[in-house]
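Below is one structure, written out as structure tokens; comments come after it.
The figures here come from the full heavy-atom set of this structure, side chains too, leaving out hydrogens, waters and symmetry mates. Numbers restart at 1 for each chain; the letters A, B, ... are given by sequence-line order, proteins then strands.
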Amino acid sequence: MYDYYICPHRHILCVDLKSFFASVSCILKGLDPKTTKLAVVGDTKSIGSVVLAATPELKKLGVRTGSRLFEIPNRRDIYIINPSMKTYLDYSSKITEVALQYTAPEDFHQYSIDEFFMDVTNSFHLFAASPYELAARLHREIHEETKVDSAIGIGENMLLSKLALDIEAKKMEGGIAEWRYHDVPEKLWPITPLKAFWGINRRSEVKLNERGIFNIGDLAHYNPAYLKRDFGIIGIDWHLHANGIDFSVIREKHEAHSPSIAKSQILMRDYTFEEVYVVLFEQIDEVAHRLRLAHRLARTVQFSVGTKDGEVFRKQHTIKEGTNNENEMMKIVWGHLRHIAEPHALYRTISVSLTNFIPDSARQVSLFEDMEKVLKEEALMKTVDELKVKYGQLAVMRALSRTDASTLKLREGLIAGHKR
DNA sequence: TCTGGGGTCCTAGGACCC
DNA sequence: TCTGGGGTCCTAGGACCC
């Protein structure tokens, strides 16, 4: 069906730092991540808190990412730790430095805090006889430098390297797996359930199962015209991916089509509509702050509130000129919510997202605005921004945030990684 | 069967313009 | 005035990733 001859034949490594948060937290305490039972949870003080990461030894006891704190067995040999994001970031960049010894920055792509791709097609021969040997060296060096264990997938394109990592390397002794096009029938096609495959989740799996597709081989042999008809261009991607094909190249950096700045929260208790106002304002303050640091104006603000019964009220609003002003955003958002949301319901979720950015140099003051007032407000926002950058998010806050509804202090505790 | 919070992308339908 | 086609923007909603 497809001609691998014309497909990319590169040497891509996909590296995953194993149980990253949990491993780093072990190392900080002088413990061995391989033998210690440790979980990093969102907040050790709240029993409903979720497990963000767990060491392999703890996973063996049934604790996994997403478990709740109260599900962790009450044992003396189990450590339960708050996250230290700053340290995780430091470790992540230290490891990135190690990786960058073996490839050019333009051939490197940080996929997330604990995962990255590197194209070593042009560089591996400088350091090793084969990509595999280079992977082994990198694996060893990451461990020597940081004590963090990794897993590495090697492939002829980014997708194959990622699949080699997820399906094989992560689970095997030694932690390195290599997949080439000729391995596709043997390695890819038996994969089942479908959601084990990158890019297919539970919902799509159900729809594919309805069509008699249960493993990746079924998908690879399905008529792509039908996939296109029923799933659009994603259907075509699935067909290519099921055959191990992916044309993305790290060097050809793709710019995000629709970047966004978002803040969302699940509340710790039921909130009345009036209390929602407080949290919403705090969230908008934060996203507007981040927006200004990025020197952008947002033209679109999306927002939603969800009740404890699962009903969601959402809307998006676009203003032609764009804004970075939290008061203006709040006026818009609350104006809509007053009309679309149920004022007597009890709420559990709130989210705000800014999109559709333009540079803030494009700011235009309308003829109807009071110039003096605008400048005053801008000066105030700038001062507040600077204080927040210098002294943290709690340095300046609204009087509203002194009410019981505020979630600010709680969140700051989470970010800092310890309770004040 | 899927935490919580931060992201990105796709599609369909309506409005509007040329 | 009517009809049709093409393009772009906006909104709602869905899906997936770490």
Can you check whether [Y]'s main-chain N or O pairs, donor with acceptor, with [X]'s side chain at less than 3.5 Å?
X	Y	result
T36(A)	D32(A)	yes
S161(A)	M158(A)	yes
R292(A)	N324(A)	yes
H9(A)	Y4(A)	yes
T103(A)	D119(A)	yes
D309(A)	E311(A)	no

Base, sugar-phosphate alone, or nothing: which one does [X] contact when heavy atoms must sit under 4.0 Å apart?
X	value
R68(A)	sugar-phosphate
I233(A)	sugar-phosphate
S264(A)	sugar-phosphate

>> Within 45 degrees of the ring normal and closer than 6.0 Å to the centroid, is that where the cationic atom of R269(A) sits relative to Y271(A)?
In response: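 The answer is yes; both the distance and angle limits are met.
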>> Would you measure the distance from the P atom in dC2(B) across to the matching atom in dG14(C) and give it in whole Å?
In response: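 Approximately 16 Å lies between the P atom of dC2(B) and that of dG14(C).
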> In residues 147-162 of chain A, which ones come under 4.0 Å of DNA chain B, going by heavy atoms?
Replying inline: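 Nothing qualifies; none.
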> H257(A) or S67(A): which one's nearest nucleotide on DNA chain B is closer to the 5' end?
Replying inline: S67(A)
>> Quick check: on DNA chain B, is the nucleotide nearest R64(A) upstream (toward 5') of the one nearest I234(A), or the reverse? Name the residue that is more 5'.
In response: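 On the 5' side of the pair lies R64(A).
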>> Check for me whether the distance between the ring centres of F117(A) and F108(A) falls short of 6.0 Å.
In response: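 Centroid separation for F117(A) and F108(A): 6.0 Å or greater.
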>> Determine whether the aromatic ring centres of residues Y226(A) and H239(A) are separated by less than 6.0 angstrom.
In response: no
> Reading DNA chain C 5' to 3', which nucleotide is the first, and which the last, to come under 4.0 Å of any heavy atom in chain A?
Replying inline: dC10(C) to dC18(C)
>> So that I can compare with my own list, what are the stems of DNA chain C, taken as at least three consecutive Watson-Crick or G-U pairs with distances under 3.5 Å?
In response: B:5-18 with C:5-18
> Heavy-atom contacts under 4.0 Å between residues 194-223 of chain A and DNA chain C, which residues?
Replying inline: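 Residues of residues 194-223 of chain A that come under 4.0 Å of DNA chain C are, in numerical order, F197(A), W198(A), G199(A), I200(A), N201(A), R203(A), S204(A), K207(A).
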> Could you walk me through whether F273(A) and W334(A) pass the ring pair (Phe, Tyr, Trp, His ring centres under 6.0 Å) check?
Replying inline: CA-CA 11 Å; F273(A) 192 54; W334(A) 197 248; 4.6 Å; yes
>> Tell me every residue that passes side chain to side chain contact (heavy atoms under 4.5 Å, CB included) with P259(A), counting only those two or more places apart in sequence or in another chain.
In response: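 P259(A) satisfies side chain to side chain contact (heavy atoms under 4.5 Å, CB included) with A256(A), F357(A) only.
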>> Going by side chain to side chain donor-acceptor pair (under 3.5 Å), name the residues that satisfy it together with D270(A), two or more places apart in sequence or in a different chain.
In response: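 For D270(A) the side chain to side chain donor-acceptor pair (under 3.5 Å) partners, ignoring immediate neighbours, are R348(A).
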> Is there a donor-acceptor contact under 3.5 Å linking the side chains of Q316(A) and T300(A)?
Replying inline: no
